[in-house]
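Written out below as structure tokens is the structure these notes cover.
Since we're looking at a predicted model, the values are computed, not measured.
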Amino acid sequence: MSSIGASRPSFDLNGAKIWKSFLDRAAQREMTEDIRSIAKRAPFLQPMTPWGKPMTVRMTSAGRFGWVTDRRGYRYEEAHPKTGQPWPEIPPSILTVWKAVAETPTPPDCCLVNYYSEKARMGLHQDKDEADFGFPVVSISLGDPATFRIGGSNRKDPTQSVTLESGDVLLMGGEARLAFHGIDRIKFGGSTLLPDGGRINLTLRRVAPAGV
Ligand code: MD3
Ligand code: FE
């Protein structure tokens, strides 16, 4: 039996609520299997930034919308850019986490799946391609630990860092929803969850307005 935890966050970092070990090991394994199924139908992509630099993170998505980037810019799309098929549905194992922490009856319509190998990182950015910033973003970490950095809503605001580990859940809502954030480095091989190492991060988002 897998289990998920605690209604009260472990701590708050610049408005981000963080639950340590929200998912136990069985729940992490179940979710990893569900992500393998997603990636079979919607293979991981190497996204290209609009300015022509390939991203170091590999990405795919589930749900109505997937986040994509290429020379034409950042956007959400309803089909996988290589297969032309709709994205797979968001599995119940993942939806359960949104229901437990997001404090809204509106379901997410995007689950972005990020894969970090040894040298991958994600520069400081805001997530603001969604219609309604009243909805939170929920992040789930699986596999190797990562150094997560978060600041304020201005790029120059001071930042704080924390290690995100396998099974941790993070909620970005309210003021923190437009905070700059990024991943500085992965502690490759720091977890035994993924046999080949690396880190998976899931972000659950509401892209369309409520009721659409
Ligand atoms: C703070 N992902 O996919 S998750 C992203 O670990 C992204 O892969 C990182 O940033 C990762 O956009 C960080 C934590 C997170 C996610 C969304 C946020 C933090 C956030 C949205 C607003 C503010
Ligand atoms: Fe982000």
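- Under the 4.5 Å side-chain heavy-atom criterion for ILVMFWY residues, no single connected hydrophobic cluster contains both F180 and L170.
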Residues R149, S161; criterion side-chain hydrogen bond (donor to acceptor under 3.5 Å, both in side chains); working and verdict: CA-CA 4 Å; R149 180 194 293 270; S161 293; 4.6 Å; no

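- Taking both residues in full, the closest heavy atoms of I38 and P88 are given as O-CG, 3.9 Å, listed atom of the first, atom of the second, then distance.
- Rounding to the nearest 0.5 Å gives a distance of 9.0 Å between CZ of F133 and CG of D127.
- Defined by atom type and a distance below 3.5 Å, a donor-acceptor pair is missing between the side-chain atoms of R205 and S61.
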Check the pair L204, I94 against side chain to side chain contact (heavy atoms under 4.5 Å, CB included), reporting the backbone distance first and the verdict last. CA-CA 8 Å; L204 289 162; I94 298 173; 3.7 Å; yes

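- No close placement of the F65 and W87 rings is indicated, their centers lying 6.0 Å or farther apart.
- The cluster map of Ile, Leu, Val, Met, Phe, Trp and Tyr, joined by side-chain heavy atoms under 4.5 Å apart, puts Y115 and L193 in the same cluster.
- Taking CD1 from I183 and CG from N201, the interatomic distance works out to 6.5 Å, rounded to the nearest 0.5 Å.
- By the 6.0 Å contact criterion, CD on E89 is open, its count of non-hydrogen atoms from other residues, nucleotides or ligands being 12 or less.
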Assess the residue pair D129 and Y76 against the criterion (side chain to side chain contact (heavy atoms under 4.5 Å, CB included)); give the C-alpha distance rounded to whole Å, side-chain angles, the decisive distance to 0.1 Å, and a yes or no. CA-CA 8 Å; D129 297 330; Y76 285 100; 3.6 Å; yes

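- Annotation: E77, atom CD; neighbour count of heavy atoms from other residues, nucleotides and ligands within 6.0 Å is above 12.
- One hydrophobic cluster holds both L95 and V169 under the rule that ILVMFWY side chains link at heavy-atom gaps under 4.5 Å.
- Residues F135 and V101 fall into different hydrophobic clusters, defined by Ile, Leu, Val, Met, Phe, Trp and Tyr side chains chained together at heavy-atom separations under 4.5 Å.
- Using a 4.0 Å cut-off between charged nitrogen and carboxylate oxygen, D24 and R29 do not count as a salt-bridge pair.
- In this model, no donor atom of one side chain and acceptor atom of the other lie less than 3.5 Å apart for R58 and Y116.
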Take V137 and R177, measure what side chain to side chain contact (heavy atoms under 4.5 Å, CB included) needs, and give me the verdict at the end. CA-CA 7 Å; V137 174; R177 177 64 179 77; 3.5 Å; yes

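- Between D144 and K187, no side-chain nitrogen of the basic residue sits less than 4.0 Å from a carboxylate oxygen of the acidic one, so the salt-bridge criterion is not met.
- In summary, the side chains of H181 and N14 do not present any donor paired with an acceptor at a separation below 3.5 Å, with no hydrogens or angles considered.
- The side chain to side chain contact (heavy atoms under 4.5 Å, CB included) test with L142 singles out one residue from I35, V113, L164, and that residue is I35.
- From M31, atom CE reaches atom CZ of R36 across 14.0 Å, with rounding to the nearest 0.5 Å.
- Contact record, G73 with P50: CA-CG, 3.7 Å, taken as the closest heavy-atom pair.
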Could you walk me through whether V138 and T203 pass the side chain to side chain contact (heavy atoms under 4.5 Å, CB included) check? CA-CA 6 Å; V138 173; T203 44; over 6 Å; no

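- With no hydrogens or angles considered, no side-chain donor-acceptor pair links S93 and E30 at under 3.5 Å.
- From T32, atom OG1 reaches atom CZ of R25 across 8.5 Å, with rounding to the nearest 0.5 Å.
- Here E118 contributes atom CD and I186 contributes atom CD1; the two are 10.0 Å apart, rounded to the nearest 0.5 Å.
- Taken from CD in E78 to CZ in R64, the straight-line distance is 4.0 Å, to the nearest 0.5 Å.
- Put simply, the side chain of R121 never gets that close to the backbone of K119: no donor and acceptor are under 3.5 Å apart.
- Within a 6.0 Å radius of CD in E175, no more than 12 heavy atoms belonging to other residues, nucleotides or ligands are found.
- Defined by atom type and a distance below 3.5 Å, a donor-acceptor pair is missing between the side-chain atoms of D168 and S141.
- Residues I150 and V162 share a hydrophobic cluster, clusters being chains of Ile/Leu/Val/Met/Phe/Trp/Tyr side chains in contact below 4.5 Å.
- We find that E130 and R206 are not joined by a salt bridge, their nearest charged nitrogen and carboxylate oxygen being 4.0 Å or further apart.
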